[in-house]
Undergrad: 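I am attaching a structure below and will ask some questions about it afterwards.
Just follow the structure's listing: the first ligand is 1, and inside any ligand the first atom is 1. Note that the numbering runs from 1 along the sequence shown for the chain.
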Amino acid sequence: LIWPIFVREGEDIEEPVASLPGINRLSVDRAVRAAEQAATLGIPCMAIFPYTDQADKNPEASEAWNTENLVCRTTRAIKAAVPGIGILLDVALDPYNSEGHDGLVRDGVIVNDETLEALARMALVQAEAGADILGPSDMMDGRVGALRRALEDAGHQDVLIMSYAAKYASSFYGPFRDAVGATGALKGDKKTYQMDPANSEEALREVALDIAEGADMVMVKPGMPYLDVCARVKAEFRVPTFAYQVSGEYAMLEAAAANGWLDRDRVIKESLLAFRRAGCDGILTYHAPRVAEILNTQC
Ligand code: PBG
């Protein structure tokens, strides 16, 4: 179980995200409290996503490799207070890119290879800050190999890579883009690098490439609408396979539960069971604290 959280600047702040009921952008001190809660609940790992101030975004996305950026500071603060909790950090430029894209944009085109250099710099500061797992979510070609080499060269051979291997150009990411403040910045769409929802063969090719380049674990994203992909990936490769139950999936379940149309705890449990049935070894879900509570009371 991996619990994704959103962080922002400031102190003592929990700022609601309108499209994700029950989810707040947390200041660093509150993120540390969330980590303490995670440890108490038995959640082994958290993923940290930053809400970046507009002033910190530029076309080079240079805040991504600032050792004092919000994500690095949050990681150090959590590791100092709750050393046992695992930290997964996303490697993609979108939180810092004034163009809103995961890669660098030159003359309206995403430039793959130049982006790889930026991603490698980003990965190194994240590893320095104490991240246990890096999750390249950018979908550039060759990024897993580039990160693996950069990590090895810098002595971070123990940092794991969980690649967002089969990441679809999905409309289910909307609330996440609100949460990280990328909605207004994004020009166009991500279809030139994220995958076509109609295609499952390509998912297998993407996973094979990422494993060959050194990924320790792979992820399928979104989750529920792509369970067939999860099942195919697990059956074909037998590697640790994670599903990301994304922001739009969370929003759907929460909206229906808030209206009394669905039983919240039952649909949460059933959706997680579905991931297990499909063969997933792990799940990233915004419902993680509730899941842990449900599981703890059952045991
Ligand atoms: C950024 C990233 C996204 C998500 C995780 N990392 C959004 C995107 O690709 O636009 C989505 C997660 C979610 O919707 O919960 N590269």
Side-chain angles (χ1 to χ4, degrees), residues 1-7 17-25 45-52 57 61 63-64 70-71 87-105 110 112 115-116 118-119 122-123 126 131 133-140 143-144 147 161-197 206 210 218-226 242-255 271 275 283-288:
L1 201 55
I2 299 182
W3 181 19
I5 63 163
F6 299 103
V7 292
V17 180
S19 50
L20 289 170
I23 308 258
N24 298 304
R25 299 187 191 104
C45 188
M46 298 169 87
I48 304 168
F49 294 99
Y51 174 84
T52 311
K57 297 188 188 200
E63 182 68 6
L70 185 55
V71 159
I87 299 287
L88 162 67
L89 297 181
D90 223 54
V91 186
L93 301 180
D94 55 329
Y96 312 108
N97 190 348
S98 47
E99 304 289 318
H101 278 287
D102 294 9
L104 296 170
V105 184
I110 311 286
N112 191 94
T115 299
L116 297 186
L119 295 171
M122 178 178 190
Q126 293 175 327
I133 311 173
L134 297 184
S137 73
D138 55 286
M139 291 299 278
M140 298 300 122
R143 86 263 206 233
V144 173
L147 294 196
I161 295 180
M162 179 193 288
S163 72
Y164 289 62
K167 179 173 180 180
Y168 284 89
S170 170
S171 302
F172 285 100
Y173 306 147
F176 174 96
R177 292 180 190 166
D178 286 344
V180 299
T183 308
L186 182 63
K187 297 170 190 86
D189 57 49
K190 300 189 175 184
K191 288 182 184 162
T192 60
Y193 46 105
Q194 297 183 350
M195 288 178 31
D196 177 356
E206 291 281 2
D210 284 3
V218 296
M219 192 201 294
V220 174
K221 178 181 172 189
M224 283 199 289
Y226 295 83
F242 281 68
Y244 197 144
Q245 186 174 40
V246 299
S247 56
E249 301 177 62
Y250 174 92
M252 283 196 301
L253 297 183
E254 286 297 316
S271 66
F275 289 120
I283 301 152
L284 287 89
T285 176
Y286 300 96
H287 282 121

Undergrad: Go through ligand 1 atom by atom and flag the ones less than 4.0 Å from a non-hydrogen atom of D90.
TA: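 Listed by number with element, the hits are 1 (C), 2 (C), 6 (N), 16 (N).
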
Undergrad: Side chain to side chain contact (heavy atoms under 4.5 Å, CB included) with C45: which of I87, I133, L284?
TA: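 Of all the options given, the one that passes is I133.
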
Undergrad: Quick check: K167 and ligand 1, any N/O pair under 3.5 Å apart?
TA: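 For ligand 1, there is an N or O atom that lies under 3.5 Å from one belonging to K167.
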
Undergrad: Taking heavy atoms and a distance under 4.0 Å, where does A92 meet ligand 1: side chain, backbone, both or neither?
TA: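 Side chain only; the backbone of A92 stays clear of ligand 1.
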
Undergrad: Using ring centroids (six-membered ring only for Trp), state whether Y173 and Y168 fall under 6.0 Å.
TA: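 No; Y173 has its ring centre 6.0 Å or more from that of Y168.
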
Undergrad: Going through the distances and angles, do Y244 and F172 end up as a ring-ring contact (aromatic ring centres under 6.0 Å, His included)?
TA: CA-CA 11 Å; Y244 197 144; F172 285 100; over 10 Å; no

Undergrad: Just so I know, are the side chains of S247 and L20 near enough to count as touching, which here means a heavy-atom distance under 4.5 Å?
TA: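 When only atoms from C-beta onward are counted, L20 and S247 do touch, with a gap below 4.5 Å.
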
Undergrad: What is the nearest protein non-hydrogen atom to atom 1 (C) of ligand 1, stated with its residue, atom name and distance?
TA: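 Its nearest protein heavy-atom neighbour is D94 OD2, 2.8 Å.
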
Undergrad: Tell me yes or no: between the side chains of D90 and Y164, is some donor less than 3.5 Å from an acceptor?
TA: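 Yes.
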
Undergrad: When you check the gap from the basic side-chain N to the acidic O, do D102 and K190 get nearer than 4.0 Å?
TA: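 So D102 pairs with K190 through a salt bridge.
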
Undergrad: Any idea which protein heavy atom is nearest atom 14 (O) of ligand 1, and the distance to it?
TA: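 The answer is S247 OG, 2.7 Å.
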
Undergrad: Atoms of ligand 1 less than 4.0 Å from R177 heavy atoms?
TA: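 Listed by number with element, the hits are 8 (C), 10 (O).
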
Undergrad: Once you restrict to heavy atoms under 4.0 Å, what part of Y250 touches ligand 1? Side chain, backbone, both or neither.
TA: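 Neither part.
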
Undergrad: Hey, which atoms in ligand 1 end up nearer than 4.0 Å to a heavy atom of Y244?
TA: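 Near Y244, meaning under 4.0 Å from one of its heavy atoms, ligand 1 has 12 (C), 15 (O).
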
Undergrad: So, for F275 and F242, is the gap between ring centers shorter than 6.0 Å?
TA: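 No; F242 has its ring centre 6.0 Å or more from that of F275.
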
Undergrad: Between V246 and ligand 1, find which residue part has any heavy-atom pair under 4.0 Å and reply side chain, backbone, both or neither.
TA: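 V246 to ligand 1: contacts from backbone and side chain alike.
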
Undergrad: Between K190, M139, K221, M219, flag the one that comes closest to atom 8 (C) of ligand 1 by a heavy atom.
TA: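 Among K190, M139, K221, M219, the closest heavy atom to atom 8 (C) of ligand 1 comes from K190.
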
Undergrad: Tell me if a side-chain donor or acceptor on Y51 pairs with a main-chain N or O of P95 at a distance below 3.5 Å.
TA: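 Side chain of Y51 to backbone of P95: no pair is present.
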
Undergrad: If hydrogens are left out, which of F172, Y168, Y173, Y286 has an atom nearest to atom 15 (O) of ligand 1, that is, the closest non-hydrogen atom?
TA: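 That would be Y286.
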
Undergrad: Are E63 and T52 close enough that a side-chain donor and a side-chain acceptor fall under 3.5 Å?
TA: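 On atom types as modelled, these side chains do not qualify, holding no pair under 3.5 Å.
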
Undergrad: Out of F176, F6, Y164, who gets a non-hydrogen atom closest to atom 7 (C) of ligand 1?
TA: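 Answer by nearest heavy atom: F176.
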
Undergrad: Q194 near ligand 1, heavy-atom distance under 4.0 Å?
TA: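 Flag set, Q194 near ligand 1.
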
